[in-house]
Amino acid sequence: MKVEQDLEEIKQRLAHIEAKLERRSTSGRLMKYMIIILLSVFFLFFALGVVQFVSSSSV
């Protein structure tokens, strides 16, 4: 009986840890995508600025 109770407690702890890791994984993924999007927008604007600078200086 004690062994079964210990086993059930271990299963509950493992489920709790797995749920915690899943939440952390989701938030980390979201942060990674946000950084990628922000960097992409920055480089797009930078490239547009370079193109405008080059086109205006050649006139």
Side-chain angles (χ1 to χ4, degrees):
M1 180 120 184
K2 176 75 172 150
V3 173
E4 292 175 8
Q5 186 179 12
D6 288 343
L7 184 59
E8 189 62 35
E9 185 178 329
I10 291 171
K11 285 180 183 179
Q12 288 175 352
R13 286 183 181 182
L14 183 60
H16 179 68
I17 291 171
E18 286 175 343
K20 206 177 211 182
L21 285 174
E22 182 64 31
R23 279 186 301 219
R24 183 179 297 165
S25 172
T26 304
S27 64
R29 225 178 297 144
L30 179 64
M31 185 67 97
K32 182 178 166 183
Y33 288 135
M34 287 176 58
I35 290 172
I36 289 171
I37 290 170
L38 286 174
L39 285 174
S40 299
V41 169
F42 172 76
F43 284 119
L44 176 67
F45 285 150
F46 183 77
L48 287 173
V50 168
V51 168
Q52 285 184 347
F53 178 77
V54 169
S55 66
S56 69
S57 66
S58 65
V59 171

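Start at 1 with the first residue, then count along the sequence.
Counting only residues at least two apart or in different chains, side-chain hydrogen bond (donor to acceptor under 3.5 Å, both in side chains) contacts with residues 29-50 comprise Ser25-Arg29.
With sequence neighbours excluded, no residue forms a salt bridge (charged side-chain N to carboxylate O under 4.0 Å, His left out) with Lys11. Judged as a side-chain hydrogen bond (donor to acceptor under 3.5 Å, both in side chains), and not counting sequence neighbours, the contacts of Glu9 are Arg13. When the side-chain contact (heavy atoms from CB on, under 4.5 Å) test is applied to Phe45, the partners found at least two apart in sequence or on another chain are Val41, Leu48. Take Glu8 and apply the salt bridge (charged side-chain N to carboxylate O under 4.0 Å, His left out) test, not counting sequence neighbours, and it matches no residue.
By the criterion of side-chain heavy atoms lying less than 4.5 angstrom apart, applied directly or through intervening Ile, Leu, Val, Met, Phe, Trp or Tyr residues, Ile36 is not grouped with Leu44; the two fall into different hydrophobic clusters.
Other members of the hydrophobic cluster containing Leu21, listed by chain and number, are Ile17; membership follows side-chain contacts under 4.5 Å among ILVMFWY residues, whether direct or relayed.
Note: Ile35 CD1 to Met31 CE = 6.0 Å, rounded to the nearest 0.5 Å.
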